[in-house]
Amino acid sequence: RGGPEKVQKAMSALTLTKMTALRHLAAVGKVSYAVDWIVNHFEATGRPLVVMAHHRDVTQGIEKELLSREVESDQGTRRLRVGRILGGMAEAQRTADKDAFQAGKLDVLVCSIQAAGVGLTLTAASETLFVERAWRPSDLVQAEDRIWRIGQDNKCTITYLDAAGTIDENIGEMLVSKQSTIAGGIG
């Protein structure tokens, strides 16, 4: 019923549903590894870090694990100071965490790609770790640009934490292809 066009739409919807589920599963599986990466980064550099992810349970899992970990710093062993910018947060709390991060009172700011993707200056950090990717290259570029803004005096580093052998690799390739297509259309 509905012919080949309707069948094709249904198959596309099913494929997207499966890809979304696999993307979420890969992200959840990376939470502990991401936390280890963040702790190692902090202990090695002492520099603040912006962490971006998409799914709420992933951002909350990272925040929860970070808050339970102790790190070595130049002041000895202590807990990481962690803030967050997530969808659904009260504007006052969002602003307080952003301001605390910019003032050097937080070591890590865990953000939703969508909630922190525009309108924020996070130049206290020169490094961002993406635990997940968005579907659209423009969302990633906007999120990357939170640390790379007027007032940033340092070189910026963006790291994508992809799990080998998972859909992360496919999404990464798809986004590079999309970005190349977009760039080709601009010239």
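Position 1 is the first residue of the sequence; numbering continues from there. No experiment lies behind these values; they were computed from the predicted model shown.
Around atom CZ of R136, no more than 12 heavy atoms belonging to other residues, nucleotides or ligands sit under 6.0 Å away. For Q75, the CD atom is densely surrounded, since the number of other residues' heavy atoms within 6.0 Å is greater than 12.
V110 is not connected to F101 by any chain of hydrophobic side-chain contacts under 4.5 Å among Ile, Leu, Val, Met, Phe, Trp and Tyr, and they are in different clusters. By the rule that hydrophobic residues join a cluster once side-chain heavy atoms approach within less than 4.5 Å of another member, M19 and L25 end up as members of separate clusters. The same ILVMFWY cluster, assembled from side-chain heavy atoms under 4.5 Å apart, contains both I158 and L109. Under the 4.5 Å side-chain heavy-atom criterion for grouping Ile, Leu, Val, Met, Phe, Trp and Tyr, L140 is connected to M52 within one hydrophobic cluster. In this structure, I62 is a member of the same hydrophobic cluster as V28, with clusters built from ILVMFWY side-chain heavy atoms closer than 4.5 Å.
R84 contributes atom CZ, which lies 13.0 Å from atom CG of L66 (distance to the nearest 0.5 angstrom). Taking CG of D139 as the start and CD of Q114 as the end, the distance is 4.5 Å to the nearest 0.5 Å. Here OG1 of T166 is found 8.0 Å from CD1 of I171. Values are rounded to the nearest 0.5 Å. Rounded to the nearest 0.5 angstrom, K64 NZ and D57 CG are separated by 12.0 Å. Distance check: Q152 CD to R146 CZ gives 12.5 Å after rounding to the nearest 0.5 Å. Rounding to the nearest 0.5 Å gives a distance of 10.0 Å between OG of S112 and CD1 of I85.
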Can you check side-chain contact (heavy atoms from CB on, under 4.5 Å) on M89 and D97, steps first, answer last? CA-CA 11 Å; M89 283 180 70; D97 280 8; 4.1 Å; yes

Yes or no on side-chain contact (heavy atoms from CB on, under 4.5 Å) for L122 and K98, after CA distance, side-chain angles and deciding distance? CA-CA 7 Å; L122 301 174; K98 177 194 68 86; 3.9 Å; yes

Would you check, one step at a time, whether the test side-chain contact (heavy atoms from CB on, under 4.5 Å) holds for W135 with T20? CA-CA 10 Å; W135 287 116; T20 300; 3.8 Å; yes

Worked check of side-chain contact (heavy atoms from CB on, under 4.5 Å) between R133 and D162: CA-CA 9 Å; R133 295 178 192 255; D162 290 339; 2.6 Å; yes

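In this structure, Q102 contributes its side chain and A124 its backbone to a donor-acceptor pair below 3.5 Å. Side-chain atoms of E127 never come within 3.5 Å of backbone atoms of T157 as a donor-acceptor pair (strictly under, hydrogens ignored). Side-chain atoms of R56 come within 3.5 Å of backbone atoms of G87 as a donor-acceptor pair (strictly under, hydrogens ignored). Judged purely by atom type and a 3.5 angstrom limit, T121 has no side-chain atom pairing as donor or acceptor with the backbone of T123.
Remark: R69 pairs with V35, D36, V39 by the side-chain contact (heavy atoms from CB on, under 4.5 Å) rule, at least two apart or across chains. Checked against side-chain contact (heavy atoms from CB on, under 4.5 Å), Y33 has the following partners two or more places apart in sequence or in another chain: L161.
Counting heavy atoms from C-beta outward, K30 and D168 have side chains that approach closer than 4.5 Å. Between D107 and R78 the shortest side-chain heavy-atom distance falls below 4.5 Å. Within the 4.5 Å cutoff, the side chain of V31 has heavy atoms near those of the E65 side chain. You'll find the side chain of L49 reaches within 4.5 Å of the side chain of W37, heavy atoms only.
Across all their heavy atoms, F42 and R47 have their closest contact at CD1-O, 4.1 Å. Closest approach of A34 and L129 over heavy atoms only: O-CD2, 4.4 Å. Among all heavy-atom pairs drawn from V58 and A27, the shortest one is CG2-CB, 3.7 Å. Of all non-hydrogen atoms in T59 and A53, the two that sit nearest each other are CG2-CB, 3.7 Å. Across all their heavy atoms, N154 and S126 have their closest contact at CB-CB, 3.8 Å. Between A134 and I113, the closest heavy-atom pair is N-CD1, 4.0 Å.
Aromatic ring orientation, H24 versus H55: tilted (interplanar angle from 30° to 60°).
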